[in-house]
Amino acid sequence: MMSIQEQMRARARELLTQGTVQMVIGWEKGTFWYLSPPVFVTDPAECDRLVWDEFCTNNLAKYLLDYKHTEDKIALFVKGCDARGVVRLLQDNQIDRERIYLIGIKCPGMKEGRRAAALGEERRAEAPLAEKCRFCTHPEPVIFDELLGEDAGAAVREAAATAEGRFAEVEKVEAMSPDERYAFWTSAYDRCLRCYACRNVCPACNCRECIFDRSQSGWCGKQMNRSENMFFAITRAMHVAGRCIECGECERVCPEGIPIMTLNKKIIKDLNDLFGEYEAGIDLEELPPLGRYKLDDPDEFH
Ligand code: SF4
Ligand code: SF4
Ligand code: SF4
């Protein structure tokens, strides 16, 4: 039986050769053995660049936006979190469903690349599950045109079930006094470089023009100081409120190790309390709690 990687390469080659798609987006081996960055394949002869290993961590959904204004049809390999990112983009009318072909892969959970690097290649099997995978509730893709592989998400689901809780970090912050909370968040965001890696990688951050690229608007400055950094943090968190698919990419790419997911999860927790349980990026038909109107909405309209 062919491995997942062999199946990926074979399907990519077929789709490109038949002209069903003009590009395939997947993962390849780059400079480092502990990272498998995205690859964009347009030539059938290049399909052997595609890899499937424990470091295919990047969420590929956001890259679809780079081809939003082309006529190309694009095939995308999707794990659970990539598929939820695609649902995010479809719900936000960012891309036509007919222009994408989704090849689902049942995800066994990815490894923490930086920890693997510290352990060394010979001990790579000991690297822990990536932080973003510890609470993953949907390792299998929620949307796909075809699906590769056997059920591989058992380890992830077991880890999620035994982990100390999806909102454990939020509850720790909630238990702090207001002064302690202020110190917690300011010490985190005082380190923010305003590199915008968290925004750039986020499938929910898909505005045509981001407020943080419009310094003439007067809303925000380019300075790196506490006030501007906190304005950035809170604004971005509110812009993805109810739409965040919990892929953990923002926190994974942050060069300063800022606990961005604690902020995102605080909002998810509050929205669940206010509007009922909701998981973004699962059901194409179910609109986010802040994107729909209900007669029994708990808030008043004035
Ligand atoms: S978040 Fe889930 S689907 Fe995504 S890499 Fe981790 S286990 Fe796989
Ligand atoms: S805010 Fe972070 S976790 Fe949420 S969708 Fe964006 S990148 Fe993923
Ligand atoms: S990735 Fe981290 S350092 Fe960069 S803007 Fe986001 S929070 Fe700030």
Side-chain angles (χ1 to χ4, degrees), residues 27 36 52-62 77-89 91-92 104-113 128-142 144 149 152-160 163 166 185 188-207 210 212-213 220 222 224 226 228-268 279-282 288:
W27 304 269
S36 300
W52 177 245
D53 65 11
E54 70 270 48
F55 302 114
C56 294
T57 317
N58 296 55
N59 189 327
L60 302 180
K62 183 76 183 268
F77 288 102
V78 287
K79 312 179 297 295
C81 53
D82 309 75
R84 290 180 69 177
V86 171
V87 171
R88 171 78 285 120
L89 298 180
Q91 275 192 328
D92 294 347
I105 305 178
K106 296 179 178 178
C107 180
M110 293 295 141
K111 294 285 180 79
E112 197 65 68
L129 207 56
E131 183 63 23
K132 66 179 251 172
C133 304
R134 284 182 58 225
F135 301 102
C136 177
T137 48
H138 296 273
E140 298 89 7
V142 293
F144 53 84
V156 176
R157 280 188 294 272
E158 195 182 320
R166 181 175 165 214
W185 286 118
Y189 275 95
D190 281 353
R191 304 198 306 273
C192 176
L193 306 169
R194 305 280 297 284
C195 66
Y196 300 150
C198 52
R199 174 201 67 178
N200 293 354
V201 81
C202 172
C205 274
N206 55 41
C207 291
C210 173
F212 297 106
D213 291 333
C220 51
K222 290 282 185 193
M224 266 173 51
R226 181 169 290 178
E228 295 292 345
N229 288 4
M230 293 309 279
F231 181 78
F232 164 69
I234 294 167
T235 304
R236 201 187 85 82
M238 292 310 293
H239 282 189
V240 300
R243 301 169 50 254
C244 166
I245 58 159
E246 287 184 78
C247 66
E249 285 288 90
C250 46
E251 188 171 287
R252 182 181 70 82
V253 300
C254 177
E256 286 297 325
I258 293 172
I260 306 173
M261 287 307 292
T262 306
L263 187 54
N264 293 337
K265 286 187 178 183
K266 166 65 178 159
I267 294 175
I268 292 169
E279 274 193 292
I282 304 295

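In listed order, ligands and their atoms are each counted from 1. Residues take their numbers from the sequence shown, with the count starting at 1.
The proximity of M261 to ligand 2, defined as any non-hydrogen pair under 4.0 Å, is limited to the side chain. Only the side chain of R236 comes within 4.0 Å of ligand 2, judged by heavy-atom distances. Neither the backbone nor the side chain of R191 has a heavy atom within less than 4.0 Å of ligand 3. Residue contacts with ligand 3 for I260 involve side-chain atoms from C-beta outward but no N, CA, C or O (heavy atoms, distance under 4.0 Å).
Residue-ligand proximity, G80 to ligand 1, at heavy-atom distances under 4.0 Å covers atoms 3 (S). Within ligand 3, the atoms closer than 4.0 Å to a non-hydrogen atom of R194 are 5 (S), 8 (Fe), numbered from 1 in the order shown. Of all atoms in ligand 1, numbered sequentially from 1 with element shown, those under 4.0 Å from a heavy atom of M110 are 5 (S). The contact set between ligand 3 and F232, taken as ligand atoms under 4.0 Å from a residue heavy atom, comprises 5 (S). The distance from ligand 1 to the heavy atoms of C107 drops below 4.0 Å at these ligand atoms: 3 (S), 5 (S), 7 (S), 8 (Fe). Close contacts of ligand 2 with G248, meaning ligand atoms under 4.0 Å from a residue heavy atom, involve 3 (S), 8 (Fe). Of all atoms in ligand 1, numbered sequentially from 1 with element shown, those under 4.0 Å from a heavy atom of C136 are 1 (S), 2 (Fe), 3 (S), 7 (S).
Using 4.0 Å as the threshold, G109 has a heavy atom nearer than that to some atom of ligand 1. Not a single heavy atom of R88 lies less than 4.0 angstrom from ligand 2. Ligand 2 lies out of reach of K132, whose nearest heavy atom is not under 4.0 Å from it.
Side chains of T57 and E112 form no contact here, defined as non-hydrogen atoms less than 4.5 Å apart. Looking at heavy atoms from C-beta onward, C220 lies in side-chain contact with E228 at the 4.5 angstrom threshold. Between Y189 and R226, every side-chain heavy-atom pair lies at or beyond the 4.5 Å cut-off. The side-chain heavy atoms of M224 and C192, taken from C-beta on, include no pair separated by under 4.5 Å. In this structure, the side chains of C210 and H239 stay at 4.5 Å or more apart for every pair of heavy atoms. For the pair C250 and N264, the minimum side-chain heavy-atom distance is below 4.5 Å. You'll find the side chain of K62 stays beyond 4.5 Å of the side chain of E249, heavy atoms only. By the 4.5 Å heavy-atom criterion applied to side chains, R199 and D213 are counted as neighbours.
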Anything under 3.5 Å between a donor and an acceptor, one on a side chain of residues 81-89, the other on a protein residue two or more places apart or in another chain? List them.
unit_1: D82; atom_1: OD1; unit_2: K79; atom_2: N; d: 3.0
unit_1: D82; atom_1: OD1; unit_2: K79; atom_2: NZ; d: 2.7
unit_1: D82; atom_1: OD2; unit_2: L60; atom_2: N; d: 2.7
unit_1: D82; atom_1: OD2; unit_2: K79; atom_2: NZ; d: 3.4
unit_1: R84; atom_1: NE; unit_2: A280; atom_2: O; d: 3.1
unit_1: R84; atom_1: NH2; unit_2: I245; atom_2: O; d: 3.4
unit_1: R84; atom_1: NH2; unit_2: A280; atom_2: O; d: 2.7
unit_1: R88; atom_1: NE; unit_2: D92; atom_2: OD2; d: 3.0
unit_1: R88; atom_1: NH1; unit_2: R243; atom_2: O; d: 3.1
unit_1: R88; atom_1: NH2; unit_2: Q91; atom_2: OE1; d: 3.1
unit_1: R88; atom_1: NH2; unit_2: D92; atom_2: OD1; d: 3.1

What pairs of donor and acceptor atoms, side-chain ones from residues 254-263 against any protein atom, are under 3.5 angstrom apart with sequence neighbours left out?
none

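If you check which protein heavy atom lies closest to atom 8 (Fe) of ligand 3, you get C192 SG, 2.3 Å. Of all protein heavy atoms, the one closest to atom 5 (S) of ligand 3 is Y196 N, 3.2 Å. The single protein non-hydrogen atom nearest to atom 2 (Fe) of ligand 3 is C254 SG, 2.4 Å, given as residue, atom name and distance. In terms of protein heavy-atom proximity, atom 3 (S) of ligand 3 is nearest to L193 N, 3.3 Å. In terms of protein heavy-atom proximity, atom 4 (Fe) of ligand 3 is nearest to C195 SG, 2.3 Å.
Atoms of the protein (N, O or S only) found under 2.8 Å from atom 6 (Fe) of ligand 2 are C202 SG.
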D53 and K111: side chain to side chain contact (heavy atoms under 4.5 Å, CB included), yes or no, with the steps? CA-CA 9 Å; D53 65 11; K111 294 285 180 79; over 6 Å; no
I'd like to know whether M110 forms a side chain to side chain contact (heavy atoms under 4.5 Å, CB included) with S36, so could you lay out the CA-CA distance, the side-chain angles of the two residues, the decisive distance to 0.1 Å, and finally the verdict. CA-CA 11 Å; M110 293 295 141; S36 300; over 6 Å; no
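Electrostatic pairing of K132 and E251 does not count as a salt bridge here, judged by no charged N lying under 4.0 Å from a carboxylate O. A salt bridge links E246 to R166: one of the charged nitrogens lies within less than 4.0 Å of a carboxylate oxygen.
The nearest pair of heavy atoms linking F144 to G104 is CB-N, 3.9 Å.
Not counting sequence neighbours, the partners of F232 by the ring pair (Phe, Tyr, Trp, His ring centres under 6.0 Å) test are Y196, F212.
Under 2.8 Å from atom 4 (Fe) of ligand 1 lies no N/O/S atom of C133, from backbone or side chain alike.
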